[in-house]
Number of protein chains: 2
Amino acid sequence: MDQTPPARLKMTDVARLAGVSVATVSRALSGSVLVSQDTRARIEAAVEATGYVVNQVAAGLRLQRSRQILVMLPDIANPFFGEVVLGIEEEAQHQGFGVLIGNTGRSPDREAALARQFQTGAVDGLVLLTGRRPALLADVPASRMVAVSEHIADDSIATVSIDNHAAAIEAVGYLRGLGHRRIAHIGGPAGNVLTAQRFQGYRDAQGGDFDPRLVRYGDYSIASGEAAMRGMLDEAARPTAVFCSNDEMAVGAIRAARAFGIGVPAGLAVIGFDDIPFAGAYDPPLTTVRQPRRQMGRLAARILLAALAGDELPAPTALPHLLVVRQSS
Amino acid sequence: MDQTPPARLKMTDVARLAGVSVATVSRALSGSVLVSQDTRARIEAAVEATGYVVNQVAAGLRLQRSRQILVMLPDIANPFFGEVVLGIEEEAQHQGFGVLIGNTGRSPDREAALARQFQTGAVDGLVLLTGRRPALLADVPASRMVAVSEHIADDSIATVSIDNHAAAIEAVGYLRGLGHRRIAHIGGPAGNVLTAQRFQGYRDAQGGDFDPRLVRYGDYSIASGEAAMRGMLDEAARPTAVFCSNDEMAVGAIRAARAFGIGVPAGLAVIGFDDIPFAGAYDPPLTTVRQPRRQMGRLAARILLAALAGDELPAPTALPHLLVVRQSS
DNA sequence: CCGTACGATGAAATCGATTGTAAGGTTCCC
DNA sequence: GGGAACCTTACAATCGATTTCATCGTACGG
């Protein structure tokens, strides 16, 4: 019944076919100069004829590297992370690397389980989208990791991100340019670096108009944005505008306003963050700060792979963001 | 300068520490019964003390398996695929497998490049979200793959999906129950199995009211849904409802209606497909057919890993879908 | 009390590729 | 014409874990 699959070819087979030793085949395939034109041609013909592909596992054992990187993130279903992964995968595939996905779901147990993959030798490098370095990986050199979007505090890990402080200033400044002064802010989870940076930008832009009662924190979900906004609309002194730390929470804010019979942008101007694919399709289309997610992913992969190859790269500067003005403000 | 990383421990080190041979350590770690309680305890203590982790690459070479699966999909940034991957990763991680992401971007070249990963021995199994088997993998046994969402025509690959035909009938039947007869359909790319199944359901539900002029095809993007709907609204005999093959195109349809000054659901009832996270947050909240994406991913992984372990699994039956009625219809 | 059977352990082969070192074959120069 | 130098190629060790087979010791039955 069980038809045996076509036996996988080994380098030995190719060597026999080409009439040389495996050593020569290996050199030919890895582009060594120590192979004559003639022999190389014969080997390439044999490879072509058999469809032979090098066994990465065996090569990996010998070379002590797997040509794979692990991307650790909270939630792959989130469109923000998805697009970053797209960029990472693009560059990695281009350089012949595989990309492993590690979904932590924000659970430390999962994070630890994934970190273990690192120790097993299955992975050469790590891209962190979680905003922190797993405890188990405390003694892994920083040169084998790169962080995206969220800088990792107290660590020398390279980070690829935009200038969140400047972006927040720009967004809030735009609202102020429209005449708004009572501008609220719905940030991400309290206590995280990203949240702090954007809050600081918001605060700096607000200057003397800053009012701590207009600041709330959510968990980046639509529901949390809605709840935060409801809380502020319940108060006597309502804001006339709100700057949200991502688009989902901005959508939540709009839903809250609508529930209070407040029109957007007439009664409440809303600005989001990220410019996820749906931002432009929402009603009203969302004004938001676009992050070059794909490019961030690509750059992160490029930096990591270069570091793995031993290259020293200049510390990455912030990538450019863009305030996309639509009809929600 | 370059501080050498802490030397990775080998099984030999653990063996020496426990005063036994590597063979015994290997047996103890793999749970063989051929190890005495006493020795096992000593080995476990040594492992604990050193934090030793088995080198998966070396083990993989010996065992001819990598404990990794590859998920091939068109676009990881798409929320539909993201959620499926989440389910796959959950189950795989649970069983100690790693998940590699392969983004094809619908390019045959990328697909071929990824297929090659399979030949390199870096991957044990494959999950296909692309709706087709890569040409390069023609002679890989079907027992090493599983398809999700889209059944692969003319192939014995196991498929995990809902009953698309029945779901389409249910959705269109619901619209008919509301009194609609001129119901349009915006399907996915023409010529693909999924598109055909849903179209057939639509057609069967419409019966004598079927009108080929009310059928258009998109590419699952918001823009394509909008274009398709505009096309139909330009015609004399407009539809009063539309059944779209995914939520993005449904959003596009709503935008088109709005551009024509047509209200939803008053002037046009809209039903989408998938129930992506934004469907319920849109204005109006989208009526749609929910696919259990995460569960589909989990089941797919379970089936694949079982097959890799040699288990024979019953052909999977269709998972349950759910018509989620909201305000767009 | 001795042989047998079995439980526990170790030595060594093995997985497939890479690479340092040795060796074979030319070529070229004096 | 002989030898040095060089260009190619082959042999064999190596990466780290798994597993077959052999061995040693002990318990048990006769």
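We name chains A, B, ... by the order of the sequence lines, and we start the count at 1 in each one.
The CG atom of Asp13(A) sits 11 Å away from the C1' atom of dG16(C) (whole-angstrom rounding). Rounded to whole Å, atom C1' of dA17(C) lies 10 Å from atom CD of Gln56(A). Computed from coordinates, the Asn55(A) CG to dT14(C) P distance equals 18 Å when rounded to whole Å. Atom CZ of Arg67(B) and atom P of dG16(D) are 21 Å apart (whole Å). At whole-Å resolution of the value, CZ in Arg8(A) and C1' in dA17(C) are 13 Å apart. Atom CG of Leu34(A) and atom C1' of dG24(C) are 15 Å apart (whole Å). The nearest whole Å value for the distance from the CZ atom in Arg65(B) to the C1' atom in dG16(C) is 17 Å.
Counting any heavy atom pair closer than 4.0 Å across all strands shown, Ser21(A) reaches a base atom. At a threshold of 4.0 angstrom between heavy atoms, the contacts of Val33(B) are confined to the sugar-phosphate backbone, with no base atom among them. Nucleic acid contact class of Thr39(B) (heavy atoms, under 4.0 Å, all strands): sugar-phosphate only.
Overall, the helix from dC1(C)-dG30(D) to dC30(C)-dG1(D) carries an axis bend of 60° between its ends, with five pairs at each end and the value rounded to 10°.
For the pair Asp124(B) (side chain) and Arg67(B) (backbone), a donor-acceptor distance under 3.5 Å is present. Here the side chain of Asn103(A) pairs a donor or acceptor atom with the backbone of Pro74(A) at under 3.5 angstrom.
Contact check on Lys10(A) versus Asp13(A) returns no salt bridge, with no Lys/Arg side-chain nitrogen under 4.0 Å from an Asp/Glu carboxylate oxygen.
Glu111(A) pairs with exactly one of Arg132(A), Arg116(A), Arg106(A) by the side chain to side chain donor-acceptor pair (under 3.5 Å) rule, that one being Arg132(A).
In this structure, Arg62(B) has no salt bridge (charged side-chain N to carboxylate O under 4.0 Å, His left out) partners at least two apart in sequence or on a different chain.
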Which atoms of nucleotides 18-20 of chain C (N or O only) lie under 3.5 Å from a protein N or O atom, and what are those distances?
residue : atom : partner  : partner atom : Å
dT18(C) : OP2  : Ser26(A) : OG           : 2.7
dT18(C) : O5'  : Ser26(A) : OG           : 3.4
dT18(C) : O2   : Arg62(A) : NH1          : 2.3
dG20(C) : O6   : Arg27(A) : NH2          : 2.6

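Minimum interatomic distance between Ser149(A) and Ser161(A) (heavy atoms only, all atoms of both residues): O-CB, 3.4 Å. In terms of heavy atoms, Gln117(A) sits closest to Leu100(A) at OE1-CD1, 3.9 Å.
Side-chain proximity of Leu61(A) to the nucleotides dG16(D), dT8(D), dT9(C) is greatest for dG16(D). Residue Gln64(A) places its side chain closer to dG16(D) than to any other of dG16(D), dA8(C), dT9(D).
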For Gln68(B) and Gln56(B): C-alpha separation, side-chain torsions, deciding distance, then whether side-chain hydrogen bond (donor to acceptor under 3.5 Å, both in side chains) applies. CA-CA 10 Å; Gln68(B) 299 193 338; Gln56(B) 286 296 340; over 6 Å; no
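The shortest distance between the side-chain N/O atoms of Tyr52(B) and the OP1/OP2 oxygens of dA17(D) is below 4.0 Å.
Leu129(A) places none of its side-chain heavy atoms less than 4.5 Å from the side chain of Glu150(A).
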